[in-house]
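Bear in mind that the values here come from a model prediction, so they are computed numbers and not experimental data. First the proteins, then the strands, lettered A, B, ... as listed; each starts at 1.
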There are 2 protein chains.
Amino acid sequence: MRKRVTLKDVAQAVGVHVSTVSRALDPKTRHLITPEIADRILKASERLDYRPNAAAYSLKTKRTRTIGVIVPDITNPIFPPIIRGVEDALADQGYFAILANTDGKAGREAAIADTLLWRGVDGLVLASVERHDRLVERLLAEAIPIVTVNRRVEREDIASVVHDDRDGMRRVLAHLADLGHTRIANIAGPQSFSTGRERYEAFESVRAALGLDPDRRLVVFASGFNEDEGERCTAELLDGGVPFTAIVCSNDRLAIGAIAALRQRGLACPDDVSVTGYNDMPMLDRLFPPLTTIRIEQYQAGAMAAELLVEMIEEAPEHRKPRHIVLPVELVVRGSTAPPSPARNAARPKGRGRKAAVSENPAAG
Amino acid sequence: MRKRVTLKDVAQAVGVHVSTVSRALDPKTRHLITPEIADRILKASERLDYRPNAAAYSLKTKRTRTIGVIVPDITNPIFPPIIRGVEDALADQGYFAILANTDGKAGREAAIADTLLWRGVDGLVLASVERHDRLVERLLAEAIPIVTVNRRVEREDIASVVHDDRDGMRRVLAHLADLGHTRIANIAGPQSFSTGRERYEAFESVRAALGLDPDRRLVVFASGFNEDEGERCTAELLDGGVPFTAIVCSNDRLAIGAIAALRQRGLACPDDVSVTGYNDMPMLDRLFPPLTTIRIEQYQAGAMAAELLVEMIEEAPEHRKPRHIVLPVELVVRGSTAPPSPARNAARPKGRGRKAAVSENPAAG
DNA sequence: GCTTTACATGCAAACGATTGCAGTGTCCAC
DNA sequence: GTGGACACTGCAATCGTTTGCATGTAAAGC
């Protein structure tokens with residue numbers, strides 16, 4: 001590894017003092033230096049391939065040009081595009097991202113924040129906050145810039161980039177109503193997350209606005225955004241005995257679970273029950289059936305979050321104003337939604353018993 | 001942001017010199033200090049919540065405890081588990097990962113390596129190398145520790161963690177042969193990558209060993225590991241007019257493309273043609289049909305690569321021996337493979353023309 | 001022509017850790 | 001009682017930057 005060239009080397013080459021070189025190299029202070037000398041310094045630093053030493057820089061300035069990105073699990077397909085967006089935007093500004101996975105565990109979360117903090121990150125992008133988040137409270141006390149992406153906390157003073165969940169839910173329901181559905185079930189996500197909460201609230205209010213049958217028993221809450229919960233909730237809906245012709249799911253993975261559960265009961269999607277997802281994660285178009293869902297701009301969200309954060313970092317702490325950005329969404333109609341077919345409506349049991357829906361199996365008939 | 005506590009603060013609190021504190025805090029030098037004093041120092045540092053300043057540490061020691069992870073695109077589903085493995089293993093050792101995406105572009109790759117280098121990473125994990133890789137050559141000149149994961153370069157002096165491609169291909173072919181297939185096509189991956197190359201070579205040699213019909217025209221090379229190439233290659237295979245009953249693909253995405261292409265021609269998988277993938281990326285079990293594939297231990301590979309790298313970093317440069325690890329693989333049989341059905345063999349055209357296979361549509365018959 | 005002003009540059013002190021070396025004190029041996 | 005060995009701790013230099021202040025010089029003002 002060839003010896004790194006330092007300011008001193010450049011200074012020596014040009015025949016000036018290191019401080020002069022330092023000033024000439026920083027665009028903000030370059031005006032202090034005679035243009036002709038500055039020019040010679042620039043040339044020399046180029047020629048010698050000078051690279052400032054990041055450690056020395058941070059030691060002196062207390063800025064690392066590094067930001068932490070905290071996600072629950074990078075393995076969850078909705079996060080990579082977000083992370084990619086963050087990194088690309090960061091790179092444009094000369095910043096770097098350090099990635100950390102919490103697995104959604106509070107203990108791990110705290111430990112990670114600790115390490116990231118003493119590592120001296122300049123700010124944090126959080127993709128995993130709950131509506132009331134302990135980690136956020138702690139970071140707030142440290143006065144370190146943060147912005148949440150995808151989800152938000154219920155405080156106005158924390159910057160965020162989210163998607164228009166209300167509009168997304170409106171589009172989903174409008175689409176189903178257009179197809180002729182009136183009895184629509186909802187598998188709502190965990191209410192401790194802003195996404196779960198807002199989609200649920202939007203479902204209720206839009207359903208009312210559209211004049212669709214309201215029924216408490218057609219809403220069931222998942223305890224996590226995963227396939228297993230989708231299956232469990234669907235089973236619960238079917239066992240509930242209340243007829244429905246469509247299931248609106250709070251995210252794609254719940255929807256995938258729902259379709260699997262329907263299939264287990266001998267019900268076909270969309271023939272017997274239409275199903276919608278939310279997020280438009282990759283590969284959805286290759287599923288069977290391809291999933292109708294809401295597309296959100298994940299990459300864009302990540303990029304904007306990063307820009308917002310850098311803005312906050314480079315601004316004086318006193319006039320930092322947390323901004324909130326809401327990105328538009330789009331309905332993607334695929335094969336998992338179709339008009340209800342009254343003749344084959346599996347979810348409208350004739351009997352009344354809890355297991356009514358199960359015993360009925362139109363696909364086998 | 002409360003003022004950070006430094007060595008000096010701890011020293012003051014205990015009434016000793018900073019150097020004493022420094023030594024007491026480092027397990028390697030702790031024996032130099034009177035146990036009783038060391039104890040008081042430990043307690044005080046705990047009480048004051050002392051965290052060493054990473055910048056000062058690196059400035060002095062030239063070690064950042066940070067390693068760079070270079071992948072083509074984190075959005076590609078095979079990488080997240082690898083990255084996760086790297087990060088978890090790294091965290092255990094007190095190291096951090098900085099992630100960078102190259103998009104497979106050589107220019108971007110070089111720029112990224114540059115930035116990572118002056119950032120002072122202690123080593124690099126490369127998940128995107130070609131068999132003859134310019135970036136690797138450059139890094140070699142810098143004498144910075146590197147290990148490649150998933151793919152390898154054709155040099156013995158670069159540490160690597162890969163999977164047993166030969167055995168994987170053997171299992172795939174044995175499975176197909178067991179089912180009764182004798183005319184098996186191969187969509188080989190790009191030969192500039194070790195994975196593409198080795199799987200192709202293994203295909204050829206295992207096919208010969210099993211005594212299956214060899215036919216040059218049943219092998220076609222994809223220019224990338226993606227769905228589009230899978231479609232294109234399958235079309236080429238079908239247009240070639242040489243009959244076959246199964247397609248072995250060099251990775252899952254090629255297989256997904258292959259199945260789509262078959263469907264476009266009115267052929268069903270596995271009824272008309274069996275298809276196999278490679279890698280077992282997520283969601284494959286939810287596809288239609290669920291894909292038979294080779295499962296590789298991605299997380300494990302990432303973790304081992306990280307361990308290997310840290311080992312190299314902490315060893316004196318002179319006796320660093322690049323190690324090569326080959327991880328076992330496993331066959332996962334799902335729904336995309338079935339015994340050949342001679343009656344409905346779409347890929348056995350009666351005519352001879354280039355488009356023969358196309359005109360024939362058993363699914364419609 | 002001498003002071004004033006402005007500008008360009010050098011000086012030196014940080015930032016917070018690590019580490020070779022020197023110093024102090026204790027103990028033991030001769 | 002003196003010398004040496006040993007164990008501990010302090011001193012001070014150092015890593016590569018940034019930046020307030022001092023210094024030097026040239027242009028400008030009277």
A.B. asks: Going from OG on B/Ser160 to CG on B/Leu126, what distance comes out if it is rounded to the nearest 0.5 angstrom?
C.D. replies: 11.5 Å
A.B. asks: What side-chain donor-acceptor pairs closer than 3.5 Å can you find for residues 88-96 of chain B, not counting sequence neighbours?
C.D. replies:
residue : atom : partner  : partner atom : Å
B/Asp88 : OD2  : B/Tyr299 : OH           : 2.7
B/Tyr95 : OH   : B/Arg63  : NH2          : 2.9
B/Tyr95 : OH   : B/Glu314 : OE2          : 3.0

A.B. asks: Is there side-chain contact between A/Ile98 and A/Ile67, with at least one heavy-atom pair below 4.5 Å?
C.D. replies: no
A.B. asks: Please list, in numerical order, the residues of residues 11-25 of chain A that have a heavy atom closer than 4.0 Å to any atom of DNA chain C.
C.D. replies: A/Val16, A/His17, A/Ser19, A/Thr20, A/Arg23
A.B. asks: Between the opening five pairs and the closing five pairs of the helix from C/dG1-D/dC30 to C/dC30-D/dG1, how far apart are the helix axes, to 10°?
C.D. replies: 70°
A.B. asks: List in numerical order all residues of residues 30-39 of chain B for which some heavy atom is under 4.0 Å away from an atom belonging to DNA chain C.
C.D. replies: none
A.B. asks: Please list each protein N or O that sits under 3.5 Å from an N or O in nucleotides 25-27 of chain C, with the distance.
C.D. replies:
none

A.B. asks: Any side-chain heavy-atom pair from B/Val21 and B/Val16 closer than 4.5 angstrom?
C.D. replies: yes
A.B. asks: Quick check: closest heavy atoms across B/Ser58 and A/Ala55, and the distance to 0.1 Å?
C.D. replies: CB-CB, 3.8 Å
A.B. asks: Look up atom CD1 in B/Ile313 and atom CG in B/Leu308, then write down how far apart they are to the nearest 0.5 Å.
C.D. replies: 10.5 Å
A.B. asks: Can you sort out the partners of A/Leu48 under side chain to side chain contact (heavy atoms under 4.5 Å, CB included), two or more places apart, ordered by chain and number?
C.D. replies: A/Val5, A/Val10, A/Ala13
A.B. asks: What salt bridge (Lys or Arg N to Asp or Glu O under 4.0 Å) pairs are there with at least one residue in residues 66-76 of chain B, not counting sequence neighbours?
C.D. replies: A/Arg84-B/Asp73
A.B. asks: Can you name the salt bridge (charged side-chain N to carboxylate O under 4.0 Å, His left out) partners of A/Arg155, sequence neighbours left out?
C.D. replies: A/Glu137, A/Asp157
A.B. asks: Flag the pair B/Asn150 / B/Ile78 as yes when at least one side-chain heavy-atom distance between them is below 4.5 Å, and no otherwise.
C.D. replies: yes
A.B. asks: Under the side-chain hydrogen bond (donor to acceptor under 3.5 Å, both in side chains) rule, what pairs show up with a residue in residues 25-35 of chain A, not counting sequence neighbours?
C.D. replies: none
A.B. asks: Show me the pairs that pass side-chain hydrogen bond (donor to acceptor under 3.5 Å, both in side chains) and involve residues 110-121 of chain B, at least two apart or across chains.
C.D. replies: A/Thr66-B/Arg119, B/Asp114-B/Arg138
A.B. asks: Checking A/Lys8 now: which residues fulfil salt bridge (charged side-chain N to carboxylate O under 4.0 Å, His left out) with it, not counting sequence neighbours?
C.D. replies: none
A.B. asks: Without decimals, in angstroms, what is the distance between A/Leu48 CG and D/dG16 C1'?
C.D. replies: 16 Å
A.B. asks: Are any protein N/O atoms closer than 3.5 Å to N/O atoms in nucleotides 14-16 of chain C? If there are, list each pair with its distance.
C.D. replies:
residue : atom : partner : partner atom : Å
C/dA14  : N3   : A/Lys60 : NZ           : 2.6
C/dC15  : O3'  : A/Lys62 : NZ           : 3.3
C/dG16  : OP1  : A/Lys62 : NZ           : 3.4

A.B. asks: Do you know which two heavy atoms are closest between B/Thr102 and B/Arg108, and how far apart they sit?
C.D. replies: O-CD, 3.5 Å
A.B. asks: Does any non-hydrogen side-chain atom of A/Asp133 lie less than 4.5 Å from one of A/Glu130?
C.D. replies: yes
